2 protein chains.
Amino acid sequence: MNIRLLCLGALCLRSGTGYDIKKLFESAFSHFQSASFGSIYPALAQLERDGLVTHHNEPGARHPERKVFEVTEPGRTAFAESLASIPATEQMRSDYMGLVFFAHLLSTETLQAKLAEIEAFYQSELEYLVAIRDWPGQSPGIHFTIEQGIAVYRAKLAHLRSQGPSLLARHREAPTPPPDGLP
Amino acid sequence: MNIRLLCLGALCLRSGTGYDIKKLFESAFSHFQSASFGSIYPALAQLERDGLVTHHNEPGARHPERKVFEVTEPGRTAFAESLASIPATEQMRSDYMGLVFFAHLLSTETLQAKLAEIEAFYQSELEYLVAIRDWPGQSPGIHFTIEQGIAVYRAKLAHLRSQGPSLLARHREAPTPPPDGLP
DNA sequence: TCGAACATGTAAAAGGTTACATGATTAC
DNA sequence: GTAATCATGTAACCTTTTACATGTTCGA
C-alpha cells in the first residue's frame with residue numbers, strides 16, 4: 001500500500017487538499033504509515049492523470065490556490081478493488097531496536113538518552129491515540145486500528161519501563177561484553 | 001540506520017559472507033529491519049571501497065567463490081561513532097492496519113482472510129523469538145530487543161484475538177457504514 | 001507586527017526492491 | 001537424480017525523502 005493508494009483512500013473518506021491529507025498522515029494514519037509533501041503532491045497529480053480523482057479550485061484569491069480534491073466513481077471502484085488484493089503485511093524499521101542491539105558499543109549515557117528519547121515518543125503517540133479513541137462516528141475498522149495502536153504502545157512502554165533500568169544497570173557494570181550466540 | 005550501516009554492524013559481531021548477513025536479516029534483525037540481496041551486496045562493496053571492511057576468498061574452488069568479509073579497525077570505530085549519532089526512532093508501515101482502516105470497503109470474507117493472514121504471521125514471528133529467547137551468550141542489548149519483540153507480538157495477538165471476532169460480527173451486520181469523525 | 005499555520009509544488013538524491021543471470025553443493 | 005540451499009552479482013525500476021522555492025492568512 002503505497003502513498004498514492006492511501007491518498008486515494010483518504011479522499012474516499014472525505015474530499016480535501018494535499019495539505020489536509022498530510023494532516024491525516026500525521027494523525028489518523030500516523031501509527032501505520034508516514035508521508036511527506038514530496039510524495040503526496042506528486043501522488044495526487046498522478047491520481048488525477050489516471051482519472052481517479054478530480055479537483056476544483058476553491059473560490060477566493062489566495063495564493064497558492066486551495067485545490068480541493070475529490071474522488072471520482074472510477075477512483076472509488078479502483079480503490080476498493082486494489083484494497084482487496086493487498087496482502088495483510090507489516091514491516092517495522094526501528095533504529096531504536098538497532099541501537100539497543102549494539103548497545104555494548106555505546107556509552108551508558110548515550111544509551112540512557114536513547115531510551116529516554118523513545119519513551120517520550122511512545123508516550124506522546126499513546127496519549128494521542130487515547131485522546132481520539134472515543135471520538136464519535138468512527139467505523140468499526142478505524143476503531144480497531146486505534147485500539148491496536150494503544151495496545152502496542154502500552155506493551156512497548158511497559159517493556160521499556162520494566163526492562164530499561166536493568167539494561168542500563170548491566171550496561172554500566174560490563175561496558176563492552178563480547179556478544180555472541182546469534183541464531 | 002540504513003542497510004549499509006547494519007551490514008557493518010553485523011560484521012562487527014562476526015565475520016561472514018553476504019549470504020550469512022542475509023540470514024541475519026531474516027532471523028535476529030527480522031523484527032526491526034528487512035533487507036534483500038540487492039541491497040546487501042552493493043552495501044558490502046561500498047563498505048569495502050570505503051576501507052571499513054575487507055574480504056578474503058575462502059580456499060576451495062566453489063562457484064561463485066565465498067567472500068568472507070571482516071570489519072577493519074577504522075570500520076569498527078566508524079560503526080561505534082555512527083551508532084551514537086543515530087536518533088532512536090521507529091516507523092511502522094502496516095498494510096494490515098491500512099486494510100482494516102478501510103475495512104468497510106471489503107467483503108466480510110476478504111476481511112476475515114486478511115485477519116487470518118496477519119495472525120499466522122504474528123504467531124510465527126512470536127514463536128521464533130520465544131525459541132531464541134534463552135540462547136546462551138546474548139548481550140543484554142540483544143536480549144532486550146528479543147524481549148521487546150515478544151511483548152509486542154503478544155500484545156498484537158491478544159488484541160487481534162479479542163477484538164477480531166467483534167470486528168467481523170459488526171462488519172457482517174453493517175457492510176458499508178459511512179465512516180466519519182476523523183481527527 | 002510577527003510567528004505559526006496554511007498552501008503548492010519541483011528536482012535531485014537516496015534508498016531499496018524485483019527480476020534476472022549463473023552455477024555449485026548438499027541432503028534425501 | 002532432484003530439490004533445496006548455498007553463493008554472488010547487476011540493472012532497471014520504484015518509492016520516498018530532503019531541500020528548495022514561494023507566497024498568504026490568521027491569531028496573539
Side-chain angles (χ1 to χ4, degrees), chain A residues 1-8 10 15-27 29-30 32-50 53 55-69 82 86-87 89 91-95 98 183, chain B residues 1-8 10-11 15-27 29-30 32-50 53 55-69 82 86-87 89 91-93 95 98 183:
Chain A
M1 174 145 7
N2 54 25
I3 307 293
R4 192 168 65 255
L5 195 58
L6 263 167
C7 285
L8 183 56
S15 300
T17 66
Y19 197 89
D20 292 334
I21 292 174
K22 177 69 160 76
K23 281 191 294 182
L24 208 57
F25 275 99
E26 282 162 359
S27 56
F29 294 171
S30 69
F32 63 89
Q33 175 80 52
S34 56
S36 63
F37 284 125
S39 59
I40 293 170
Y41 286 117
L44 289 170
Q46 202 195 316
L47 287 169
E48 190 158 40
R49 276 199 302 281
D50 295 344
V53 307
H55 84 270
H56 58 94
N57 288 5
E58 213 175 57
R62 26 161 86 227
H63 194 88
E65 271 182 65
R66 242 175 87 88
K67 293 172 77 169
V68 180
F69 287 89
S82 300
I86 286 172
T89 57
Q91 70 175 319
M92 181 68 121
R93 77 180 301 162
S94 171
D95 284 1
Chain B
M1 175 145 4
N2 53 28
I3 305 296
R4 192 168 65 253
L5 195 58
L6 227 41
C7 286
L8 182 56
L11 294 174
S15 301
T17 65
Y19 197 91
D20 292 334
I21 293 176
K22 177 67 160 75
K23 282 192 293 182
L24 208 56
F25 275 99
E26 282 161 0
S27 57
F29 293 171
S30 69
F32 62 89
Q33 176 80 54
S34 55
S36 62
F37 283 124
S39 59
I40 292 170
Y41 286 116
L44 290 169
Q46 203 195 315
L47 287 169
E48 189 157 42
R49 276 200 301 281
D50 296 346
V53 307
H55 84 268
H56 57 95
N57 288 5
E58 213 174 58
R62 28 161 83 225
H63 195 88
E65 270 180 67
R66 241 174 87 87
K67 293 171 77 169
V68 180
F69 287 89
S82 300
I86 287 171
T89 58
Q91 67 175 321
M92 181 68 122
R93 75 178 305 160
D95 284 3

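Given the structure is predicted, the values throughout are model-derived calculations rather than measurements. Letters A, B, ... are given to chains in the order of the sequence lines, protein chains preceding strands, and every chain is numbered from 1.
Listed by chain and number, the residues in a salt bridge (Lys or Arg N to Asp or Glu O under 4.0 Å) with B:K67 amount to none (sequence neighbours excluded). For the side-chain contact (heavy atoms from CB on, under 4.5 Å) test, residues two or more places apart in sequence or in another chain that qualify with A:S15 are A:V68, A:E70. The side chain to side chain donor-acceptor pair (under 3.5 Å) search around A:R66 returns A:E58, not counting sequence neighbours. Listed by chain and residue number, B:N57 satisfy the side-chain contact (heavy atoms from CB on, under 4.5 Å) test with B:E65 (two or more places apart in sequence, or in another chain). In this structure A:R4 satisfies the side chain to side chain donor-acceptor pair (under 3.5 Å) test with no other residue, sequence neighbours excluded. Residues satisfying the side-chain contact (heavy atoms from CB on, under 4.5 Å) test with A:P87, not counting sequence neighbours, are A:T89, B:E117. Partners of B:T17 according to the side chain to side chain donor-acceptor pair (under 3.5 Å) rule, which considers only residues two or more places apart in sequence or in another chain, are B:D20. Residues that satisfy the ring-ring contact (aromatic ring centres under 6.0 Å, His included) test with A:Y19, not counting sequence neighbours, are A:F37.
Regarding B:E58, its CD atom lies at a distance of 18 Å from the P atom of C:dA24, rounded to whole Å. B:F25 places its CZ atom 14 Å from the P atom of C:dG15, with the value rounded to the nearest Å. Rounding to whole angstrom units, CG of residue B:L6 and P of C:dG16 are separated by 9 Å. Rounded to a whole Å, the CD1 atom of A:I21 is 12 Å from the P atom of C:dG9. Atom CG in A:L5 sits about 10 Å away from atom P in D:dT16, given to the nearest Å. For B:N57 and D:dG9, the CG to C1' distance is 14 Å, given to the nearest whole Å. Between B:L47 atom CG and D:dG9 atom P the separation is 13 Å, expressed in whole Å. One can place CZ of B:F69 at 11 Å from C1' of D:dG9, the figure rounded to the nearest angstrom.
Remark on DNA chain D: of its neighbouring residues B:D20 and B:A45, the 5'-side contact belongs to B:D20, judged by nearest-heavy-atom nucleotide. Position along DNA chain C of the nearest nucleotide to B:Q33 versus A:K67 favours A:K67 as the more 5'-ward residue.
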Could you pull out the protein-nucleic contacts involving nucleotides 4-6 of chain C (nitrogen or oxygen on both sides, under 3.5 Å)?
unit_1	atom_1	unit_2	atom_2	d
C:dC6	OP2	A:Y19	OH	3.1

Anything under 3.5 Å between a protein N or O and an N or O of nucleotides 12-14 of chain C, put it in a table, one pair a line.
none

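When the side-chain nitrogen and oxygen atoms of B:K22 are compared with OP1 and OP2 of D:dT8, none of them lie within a distance under 4.0 Å. One finds no side-chain N or O of B:S39 lying less than 4.0 angstrom from the OP1 or OP2 phosphate oxygen of C:dG16. Side-chain N/O atoms of A:T17 include one lying less than 4.0 angstrom from OP1 or OP2 on C:dT8.
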Please output the side-chain donor-acceptor pairs of residues 42-49 of chain B that fall under 3.5 Å, not counting sequence neighbours, one pair per line with the distance.
unit_1	atom_1	unit_2	atom_2	d
B:E48	OE1	B:H55	ND1	3.1
B:E48	OE2	B:H55	N	3.1
B:E48	OE2	B:H55	ND1	2.9

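End-to-end axis angle of the helix from C:dT1-D:dA28 to C:dC28-D:dG1, using five pairs per end and rounding to 10°, comes to 50°.
Among the protein residues, B:G38 comes within range of the nucleic acid bases, having at least one heavy atom under 4.0 Å from a base atom.
Shortest non-hydrogen contact noted between A:A10 and A:L24 is CB-CD2, 3.6 Å. Contact record, A:S39 with A:A35: OG-CB, 3.9 Å, taken as the closest heavy-atom pair. Nearest heavy-atom pair, A:I21 versus A:C7, reported as atom, atom and distance to 0.1 Å: CG2-SG, 4.0 Å.
Distances from the side chain of B:Y41 to the nucleotides D:dT10, C:dT17, C:dG16 place D:dT10 closest. Considering only side-chain atoms of A:S36, the nucleotide from D:dT10, D:dT17, C:dT17 that sits closest is D:dT17.
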